[in-house]
Amino acid sequence: MTLACKIHGARDLRLETDDDAPLAPHEVELRLGAAGICGSDLHYYLHGRVGAFVIREPLIPGHEASAVVLRVGSEVTRLRPGMKVAINPSHPCGHCDYCRAGRDNLCRAMRFLGSASVYPHVQGMFRERFVMGQRQLTPVHEDISLGELACAEPLSIGLHGVHRAGPLLGKTVLVTGGGTIGCMTVMAARLAGAARVVVADIADRPLQMARQVGADEAVRSDQAAPADLAELADIAIEAAGSPAALDTCLAAVRRGGRIVQVGTLPAQDIPFPANSIMARELDFVGAFRAGVEFDWAVSFLRTRRVDVRPLMSAQLPLERAAEAFELAADRTRSTKVQLVCES
């Protein structure tokens, strides 16, 4: 039996035991190393849904994790017991039109860990032990912590958002939201050659974290005068999942610029400023999850081209999952809270 954290509905989180999963020839049994609580996990916990994805059966959340190999199936060749691995939560089919076009993050038959996007839900990694196909695992030999490795997935989101933004060399980039994804986007923009990175938020702590990971400027968007934001950036990346943050992007991006929507906005209808986009010739694009950027993220972490350690606020054992979720929901005290397996 293995201990698992399950969400049954809004603020209904329970620690329950599950039977151990059988091990197929191409699969690997893993012990959880560290697993970060993401904004989508918080939405499931607080509201029982993320946008249009509604919990319809008990859901084990968790899609940003690292682990240690316990056992390997008979056909596994790249891994052996004791290895550290980064885990890619995306499991695309590999043969639909989107996968064949190199856009596997849009796969028609995607199975994304810890998600209620399909039914039955795809169970995630907030559990002591679990089984995963070897193709989703990247062995890591470098001296890097399991907590850092668990940040590969959120870093890949920032990298994908920047990839969707187009060439950034020499440009000014505005990022709205100084949480984990916003800070990962700052680091990704730096890697892409942005000359100036500005972060806007409505709270001081996220702005402090953004400066710590490379932002040139930090702006309290709720206190800034409209003139302070006008024509500020060539590219604006919305990473807060807030209608007000999207308004900030629209106000700040220059004519002919681009807005990239990374954050998940509320499910209710949001007015769309089509005339402003038309008259100012703005590009408005979406960025959903990540594809090959996950491999880039693991590479950047293992070579320390980026340092995610400032964002890691706390690690709590799986048995204290409810406490960890409450801490993660408090932006005045935390950025990235992780669950860990101590056994």
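Every value quoted in this text rests on a predicted model; they were computed, and no experiment measured them.
- Atom CG of Asp143 has 12 or fewer neighbouring heavy atoms from other residues, nucleotides or ligands inside a 6.0 Å radius.
- Partners of Phe300 by ring pair (Phe, Tyr, Trp, His ring centres under 6.0 Å), not counting sequence neighbours: none found.
- The minimum heavy-atom distance between Ser66 and Leu149, with the atom names listed, is CB-CB, 3.7 Å.
- Counting non-hydrogen atoms of other residues, nucleotides and ligands closer than 6.0 Å to CZ of Arg80 gives a total of 12 or fewer.
- Side-chain atoms of Arg190 and Asp216, non-hydrogen and from C-beta on, do get closer than 4.5 Å to each other.
- Shown here for Cys249 and Glu238, the closest heavy-atom pair between the two residues is SG-CB, 3.8 Å.
- Counting only N and O atoms by type, the side chains of Glu148 and Ser145 include a donor and acceptor under 3.5 Å apart.
- Judged by distance alone, the side chain of Arg164 and the main-chain N or O of Ala287 form no donor-acceptor pair under 3.5 Å.
- Formation of a donor-acceptor pair under 3.5 Å by the Lys336 side chain with backbone atoms of Arg309 is not found in this model.
- Remark: side-chain polar atoms of Thr2 are paired, donor with acceptor, to backbone N or O of Arg129 under 3.5 angstrom.
- Within a 6.0 Å radius of CZ in Arg56, other residues, nucleotides and ligands contribute more than 12 heavy atoms.
- A donor-acceptor pair is defined here as one N or O able to donate and one able to accept, closer than 3.5 Å; such a pair exists between the side chain of Gln123 and the backbone of Pro58.
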- Determine, step by step, whether Leu301 and Val308 satisfy the side-chain contact (heavy atoms from CB on, under 4.5 Å) criterion, reporting the C-alpha distance in whole Å, the side-chain angles of both residues, the deciding distance to 0.1 Å, and the verdict. CA-CA 8 Å; Leu301 287 169; Val308 297; 3.7 Å; yes

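- Residues Gly241 and Pro266 approach most closely at O-CD, 3.9 Å, considering heavy atoms.
- When each of Ile235, Thr176, Leu174, Val253 is checked for a side chain to side chain contact (heavy atoms under 4.5 Å, CB included) with Ile259, only Val253 meets the rule.
- Hydrophobic cluster membership for Leu42: Leu3, Ile7, Leu13, Leu15, Ile37, Tyr44, Tyr45, Leu46, Val50, Phe53, Ile55, Leu59, Ile60, Phe126, Leu316, Leu318, Phe325, Leu327, Val337, Leu339 (Ile, Leu, Val, Met, Phe, Trp, Tyr linked by side-chain heavy atoms under 4.5 Å, directly or transitively).
- The backbone N or O of Cys38 sits less than 3.5 Å from a side-chain atom of Asp41, completing a donor-acceptor pair.
- Counting non-hydrogen atoms of other residues, nucleotides and ligands closer than 6.0 Å to NE2 of His121 gives a total above 12.
- With sequence neighbours left out, Glu27 forms a salt bridge (Lys or Arg N to Asp or Glu O under 4.0 Å) with no residue at all.
- Asp19 pairs by the side chain to side chain donor-acceptor pair (under 3.5 Å) definition with nothing, not counting sequence neighbours.
- In plain terms, the two heavy atoms of Ser115 and Ser117 that are nearest each other are OG-OG, 2.8 Å.
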Please list every donor-acceptor pair under 3.5 Å in which a side-chain atom of residues 177-187 meets a protein atom from a residue at least two apart or in another chain.
residue, atom, partner, partner atom, Å
Thr180, OG1, Thr335, O, 3.3
Thr185, OG1, Ile181, O, 2.7

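- Partners of His91 according to the ring pair (Phe, Tyr, Trp, His ring centres under 6.0 Å) rule, which considers only residues two or more places apart in sequence or in another chain, do not exist here.
- Residues Asp201 and Arg220 are not paired through a salt bridge, judged by the lack of any N-O separation under 4.0 Å between the basic side chain and the carboxylate.
- In this structure, the side chains of Arg258 and Val285 come closer than 4.5 Å at one or more pairs of heavy atoms.
- Pairing each heavy atom of Arg280 with each of Ala251, the nearest pair is NH2-O, 4.5 Å.
- Members clustered with Val68: Leu146, by chain and number, using a 4.5 Å side-chain heavy-atom cutoff among hydrophobic residues.
- Qualifying ring pair (Phe, Tyr, Trp, His ring centres under 6.0 Å) partners for His160, counting only residues two or more places apart in sequence or in other chains: none.
- With salt bridges taken as basic N to acidic carboxylate O contacts below 4.0 Å, one links Glu326 and Arg11.
- Although no hydrogens or angles enter the test, the distance criterion places a donor-acceptor pair under 3.5 Å between the side chain of Gln338 and the main chain of Gly147.
- In this structure, Phe294 has no ring pair (Phe, Tyr, Trp, His ring centres under 6.0 Å) partners at least two apart in sequence or on a different chain.
- Cluster partners of Met132, by chain and number: Val28, Leu30, Leu32, Val69, Val72, Val76, Leu79, Met83, Val85, Ile87, Leu113, Val118, Val122, Met125, Phe130, Leu137. The rule joins Ile, Leu, Val, Met, Phe, Trp and Tyr whenever side-chain heavy atoms lie under 4.5 Å apart.
- Looking only at side-chain heavy atoms (C-beta outward), Val213 and Leu311 come within less than 4.5 Å of each other.
- Within the 3.5 Å criterion, the main-chain N or O of Val198 finds no donor-acceptor partner in the side chain of Glu217.
- Side chain of Arg49 to main chain of Gly51: a donor-acceptor pair is present (N/O by atom type, distance under 3.5 Å, no hydrogens or angles).
- Each of Ile157, Leu155, Val162 was compared with Leu159 under the side chain to side chain contact (heavy atoms under 4.5 Å, CB included) criterion, and only Leu155 meets it.
- Across all their heavy atoms, Asn105 and Gly291 have their closest contact at CB-N, 4.3 Å.
- Under a cut-off of 6.0 angstrom, the local environment of CD in Glu281 is sparse, with at most 12 non-hydrogen atoms contributed by other residues, nucleotides or ligands.
- A heavy-atom distance below 4.5 Å is not found between the side chains of Ser242 and Leu246.
- Side-chain heavy-atom separations under 4.5 angstrom define the hydrophobic clusters, and the remaining members of the one that includes Tyr98 are Leu106, Phe288.
- Ion pair Arg333/Asp330 flagged as a salt bridge, since at least one NZ, NE, NH1 or NH2 atom sits closer than 4.0 Å to an Asp/Glu carboxylate oxygen.
- Between Asp18 and Arg127 there is no salt bridge, since no side-chain nitrogen of the basic residue lies less than 4.0 Å from a carboxylate oxygen of the acidic one.
- Ring geometry, His43 versus His47: the interplanar angle falls from 30° to 60°, so the pair is classed tilted.
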- Show your reasoning for whether side-chain contact (heavy atoms from CB on, under 4.5 Å) applies to Cys93 and Met110. CA-CA 6 Å; Cys93 72; Met110 172 67 75; over 6 Å; no

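- A salt bridge between Glu128 and Arg31 is absent, with no side-chain N of the basic residue lying under 4.0 Å from a carboxylate O of the acidic one.
- For the pair Ser40 and His63, the minimum side-chain heavy-atom distance is below 4.5 Å.
- Remark: Glu142 pairs with Arg302 by the salt bridge (Lys or Arg N to Asp or Glu O under 4.0 Å) rule, at least two apart or across chains.
- Using a 4.0 Å cut-off between charged side-chain N and carboxylate O, Asp234 and Lys171 make no salt bridge.
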